[in-house]
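What follows is one structure encoded as structure tokens, with my remarks underneath.
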Amino acid sequence: MKKRVFSGLRPTNLIHIGNYLGAIKGQIDLQNKPGFDCIYGVVDLHGITTPYKPKDLPNQIRNLALDLLAAGLDPQKCHLMIQSQVPEHLELAYLLGTIFPVSRLEDLPTYKDKKAENPGYLNMGLLYYPVLMAADIMLYKADTVPVGKDQVPHIEITREFARKFNLMFGKTFPEPQAYLMEGAYVPSLKGEGKMSKSIEGSYILLTDDLEMIRKRLAGAPTDTGKGTEVPQEGGVANLLTLVELFEGKDIRMKYESQYLHEGIRYQDLKHDLANAIYEEIKPIQEKRKFYEQNSNLVEEILEEGRDYCSIIAKETLREAKEKMGLV
Ligand code: AMP
Ligand code: TRP
């Protein structure tokens, strides 16, 4: 029996190299492994928990589907779907919500972060975010979830949901595991925290050209380039992490040695790093053009995803309702 994989991204128009290395690369990795049945979602219902413009949303959803296909999701090897087209996600979320303490949800760091980011937009959906995410995963009885490190608390809570449901109503759901890649935590260009679409200046987008990448890297803080210890945090440490992710460990070690001896010339480091990043994302930009010109194909891919998911979703929901006594 194949293992089931589920993962999703919110449609926000700003897909950065953190999303790519942390989440999308894991999705690609798993679709290419035998023994995994992969479902990937544009999770639009999660997208509407933070401020957005309804008239822009359809484009954002479509853009994310294009980005994912361009980045390497292969419709022959995975199913790509739009979350709101399979309403069972919401129904299961409601059912799961009835078995879980509110206090546990209020304590989640992700909820606290969002609360701090948008104090004027504290809606029920935000509190329900992890419940819906657990439903996304559990609806397909997925056991493997490729995500970035910041999502690990959400996977942990999904495991709690599964355990609790199984305990109350009988074994139904597996306890899923996060699947983390080497780039599970891509740091911010600003010297602290992670690369994030909500922090201007922290990211490089998948759609950036070489000039833009250079410009964004130019803003990353550095130091004199020399010292007795290689910094473990801050701007330089973050740049070295990016060097390792895009140019490999050997190049990172070369810079570390320079730091301790003759000194790093950051202009050169940033120049080479920009080239390496662009090399990696250029093919994605080219492939995106192909999908942009073949919108019928994209529609077909999404229809296939919706139909495939609907069948599984209906079956799981029927089972869950039956176990809960809702017949
Ligand atoms: P978000 O952009 O927050 O909706 O995240 C979409 C996916 O990208 C999730 O799986 C995140 O864990 C992942 N992700 C977001 N930011 C980063 C980052 N800086 N490094 C690694 N993964 C990330
Ligand atoms: N919360 C995830 C994020 O911020 C998106 C997401 C929603 C997700 N449902 C999911 C990820 C299910 C993995 C599995 O990116």
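Counting convention: from 1, in listed order, for ligands and their atoms alike.
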Has the side chain of Asn294 got a donor or acceptor atom that lies under 3.5 Å from a matching backbone atom of Phe290? yes
Ligand 2: protein residues within heavy-atom distance under 4.0 Å: Phe6, Ser7, Gly8, Arg10, Val43, His46, Tyr129, Met133, Asp136, Ile137, Val145, Val147, Gln151
If you have a sec, work out which protein heavy atom is nearest atom 5 (O) of ligand 1 and how many Å separate them, to one decimal? Asn19 ND2, 3.4 Å
Quick one: does Asn123's side chain have a donor or acceptor within less than 3.5 Å of a partner on Thr49's backbone? yes
Side chain to side chain contact (heavy atoms under 4.5 Å, CB included) involving Lys77 - partner list, sequence neighbours excluded: Gln31, Asn32, Asp74
Check whether NZ of the Lys or CZ of the Arg Lys3 lies under 6.0 Å from the centre of the six-membered ring of Phe36 and within 45 degrees of that ring's axis. no
Close-contact set for ligand 1 against Gly22 heavy atoms, below 4.0 Å: 21 (C), 22 (N)
Hey, which atoms in ligand 1 end up nearer than 4.0 Å to a heavy atom of Gly148? 10 (O), 11 (C), 12 (O), 13 (C), 22 (N)
Pairs where residues 167-182 contributes a residue and the test salt bridge (Lys or Arg N to Asp or Glu O under 4.0 Å) is met, not counting sequence neighbours: Arg159-Glu175, Arg163-Glu175
Heavy-atom contacts with Gln151 under 4.0 Å: which atoms of ligand 1 show up? List them by number with element. 9 (C), 10 (O), 11 (C), 12 (O)
Using modelled atom types and a 3.5 Å cut-off, is there a donor and acceptor pairing between side-chain atoms of Asp56 and backbone atoms of Lys53? no
Non-neighbouring partners of Glu322 that pass salt bridge (charged side-chain N to carboxylate O under 4.0 Å, His left out), sequence neighbours left out: Arg318
Closest non-hydrogen protein atom to atom 16 (N) of ligand 1, residue and atom name please, with distance? Lys194 NZ, 3.1 Å
Near Val147 (heavy-atom distance under 4.0 Å), the atoms of ligand 1 are 10 (O)
Nearest to atom 20 (N) of ligand 1, what protein heavy atom do you find, and at what distance? Val186 N, 2.8 Å
Protein heavy atom at shortest distance from atom 22 (N) of ligand 1: Gly18 O, 3.1 Å
Should the proximity of Ser196 to ligand 1, defined as any heavy atom under 4.0 Å, be assigned to the side chain, the backbone, both, or neither? neither
Ligand-side contact atoms (ligand 1) for residue partner Arg10, heavy atom cut-off under 4.0 Å: 1 (P), 3 (O), 4 (O)
Options Gly47, Gly8, Ala178, Ala184, ranked by nearest heavy atom to atom 21 (C) of ligand 1, top entry: Ala184
